[in-house]
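Some notes on the structure that comes next.
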Protein chains: 2
Amino acid sequence: MISREGGIACYQQLSGILHKQIEEGEFRPGKQLPTETELSRRYKLNRHTIRQAIGRLQSEGLVYTIKGKGTFVANSKISYKVSRKTRFTTSVLDVGLSPDARLLDSYEISAGSELSRKLNIKSSDKVVVLEILRFVNKIPFCHTTSFLSSDRFPDIQAHIKGSFSLYELLKKHYGIEAMRASSSFEVSLPESSDMDMLQISSKVPVLIVKSTSKNSKGDIVEYCITRFRGDLCSITVNFNGEGR
Amino acid sequence: MISREGGIACYQQLSGILHKQIEEGEFRPGKQLPTETELSRRYKLNRHTIRQAIGRLQSEGLVYTIKGKGTFVANSKISYKVSRKTRFTTSVLDVGLSPDARLLDSYEISAGSELSRKLNIKSSDKVVVLEILRFVNKIPFCHTTSFLSSDRFPDIQAHIKGSFSLYELLKKHYGIEAMRASSSFEVSLPESSDMDMLQISSKVPVLIVKSTSKNSKGDIVEYCITRFRGDLCSITVNFNGEGR
DNA sequence: GAGTGGTCTAGACCACTTA
DNA sequence: AAGTGGTCTAGACCACTCT
C-alpha cells in the first residue's frame, strides 16, 4: 500500500488514501476511523507517522477527534451565506439548520487608536464590546466580537440581554438598519480561547472575518471580528446587494 | 521559561513565546529564527517538540522555512481587495506591489453536470479551461482555474496567449464587462500541486475562493476557482459595488 | 563536509472515556 | 482496567544548501 521509494512521504500517502476512502464513502460521516494503533498495524507505520496523516485530515476538516474516544468522519461543510443585509439567524435557517446564540460577555472600553479609526470616532470615546458565541445544530460555529460606539447606542448592554439578534435590536430600539459595507477574510490557527469556545483542536484552522457595517446614510455603525470554525463552513459572499 | 506543569503543552508555550517575540520585533521580517537544534538546546526540549511549535507558526503564516537553509520570519500579509469590479492587476498595484501572471495551461473539456450548472449551459457543451498562476513581487500568490463557455467565447485560447488580463480580453474582444456576482470562501490544506505551484509546505493553509461573474445583463460569464496562499494574504470584500 | 530542515522509528507517560 | 488520543524524548537517516 505505502511505498518507501518515490520520494513521497508516507504520511502524505496515507492521508491521501484515507482522504479518498472518506470521499468515496468507505467511512461514512459520524463513523469512527480505525484507531491509531490499528492503522499503525495495518500499514506497518509508526504511530507518529499515522498521527501526522490524521493531523492533515483534521486541518482539512475531514475528520475530528475526541480524546479518549477516537477519530470520526466529519459532516460536509455548512454553506454560510453573507451579503449586504444578512443576519446569522436567517442564513442558517435558510439552509435548514437550527441556529442559536449565547451572549458571553458585554463591557465597555476606551476606543484607542485602532478602534477609533474603524468606527470613525475619537480615541477617547467609549466603545461597547459584545462577545457572542453562535451555534448551528447545538455545535459551536463562530465567535463574534462586536464593537459599537457607546454614545450612539446608549444602554445597548441592557437591551442586548433580552434579544439575541443584534441587528433586530439596532432596528427596533435605535431605528437603524445596518448593512455590511466591507469584510476581510483571513486564515489562522486557533488561540487557546478559540479552542475552548469553538471546541476544536489546535490543528483546525479558523476563518477570521472582520466586517464593517454602515447605516443607510453611510455612517459606520459597527465593527466586528468573527472567528469561524474552518472545518465547518464555507462562506459565500453575494455581491448583488439584496439577494441572500 | 517553559513550565512542565499547568497542563499547557510545551510546544504551545514555545509557539506562544516565539509568536510574541516576532510580534514585538525581536525577530525582524526576513531574519532567520534560531535553528531547531539551537532552540532545542536553549529551551531544553526535544527537537520534535520544537518542530511542533514551529509548525504552528508556519500554519499561521508568521514564518516560512527553506529546506537546508533555515526558518525565517515572514512579512506581514498582503491585503488583497475584491469588489464587484476588481482585477488582480489593479488590486495589487493599488497597494504598491508589482503583479505578474503566467498562463500555465489552456484546454477544452465537456462541461459535465457541475460546470453546466455553474455556467448555466448544457452538460454536453464545451468549456475552455484556463490555468493562471499569479505573482506578487515575483512570489507565487494564487492559482486560478477559469471556466468559460467555448460557444460564447470562440478562439479565446488563441487570444489569451497575448494578453494576461482576462477581463481586459473579455472587454476588448467580446465587448463584455464581467462583474463578480458571488464568491465563496473556504479553508483547506495544499494538495501536492498547490505545494509545487505556490511553493509552500504542507502546513500552510490555502484560501479557496470560488467566484461567478456575470455580464451587465446578468448572464453568467465565468466561473473560477482561485487558491490563495493563506500565509500571504487577507482578502477584503467590498460590498459597495464600485469602490475598490 | 558541516549545517539545515523533513521524515521515520521506538518507547514512554499522561488524561480521558467506556465499561 | 482497558482502550483512546495527546505529548515528550532519543536516536536515526535523508535531501538540501553553503562553503
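Each chain gets a letter, A, B and so on, in the order the sequences are listed, and its residues count up from 1.
Between B:Ile2 atom CD1 and D:dC8 atom P the separation is 9 Å, expressed in whole Å. Here the C1' atom of nucleotide D:dC8 and the NZ atom of B:Lys44 are 16 Å apart, to the nearest Å. Atom CZ in A:Phe72 sits roughly 12 Å away from atom P in C:dT17 (whole-Å rounding). The nearest whole Å value for the distance from the CD atom in A:Gln52 to the P atom in C:dG6 is 11 Å. With rounding to whole Å, B:Leu14 atom CG is found 11 Å from D:dT9 atom P. In this structure, B:Ile66 places its CD1 atom 20 Å from P of C:dG3, rounding to the nearest Å. D:dT7 atom P lies 17 Å from atom CD of B:Glu5, rounded to whole Å. For the pair B:Glu36 CD and D:dG11 P, the computed distance is 17 Å after rounding to whole Å.
Candidate nucleotides C:dC8, D:dT9, D:dT7 were compared by shortest atom distance to the side chain of B:Ala9, and D:dT7 ranks first.
Where B:Asn46 and A:Arg51 each meet DNA chain D at their nearest nucleotide, the meeting point lying more 5' is that of A:Arg51. Nearer the 5' end of DNA chain C, as judged by each residue's closest nucleotide, is the contact made by B:Thr37, out of B:Thr37 and A:Arg47.
Both tests do not hold together for A:Arg134 against A:Phe141: distance to the six-membered ring centre under 6.0 Å, angle to the ring axis within 45°.
Regarding contacts with the backbone of D:dT17, every side-chain N or O of B:Lys67 stays at 4.0 angstrom or more from both OP1 and OP2. In terms of phosphate contacts, B:Thr49 brings a side-chain nitrogen or oxygen within less than 4.0 Å of OP1 or OP2 of D:dT9. Neither OP1 nor OP2 of C:dG3 sits under 4.0 Å from any side-chain N or O of B:Thr35. Applying the 4.0 Å criterion to OP1 and OP2 of D:dC8, one finds that B:Tyr11 has every side-chain N and O outside that range. For the OP1/OP2 pair of D:dG5 and a distance below 4.0 Å, the side-chain nitrogens and oxygens of A:Thr65 include no atom meeting the criterion.
When heavy atoms are screened at a 4.0 angstrom cut-off, B:Ser201 is found touching no nucleic acid atom at all. When heavy atoms are screened at a 4.0 angstrom cut-off, B:Ile54 is found touching no nucleic acid atom at all.
For the residue pair B:Ser183 / B:Ser211, a side-chain donor-acceptor distance below 3.5 Å is found, with atom types taken as modelled. Defined by atom type and a distance below 3.5 Å, a donor-acceptor pair is present between the side-chain atoms of A:Glu131 and A:Tyr107. A donor-acceptor contact closer than 3.5 angstrom links the side chains of B:Glu222 and B:Tyr167.
The backbone N or O of A:Cys142 sits nowhere less than 3.5 Å from a side-chain atom of A:Arg229 that would complete a donor-acceptor pair.
Evaluation of atom-type donor-acceptor distances gives no pair under 3.5 Å for the side chain of B:His48 against the base of C:dG6.
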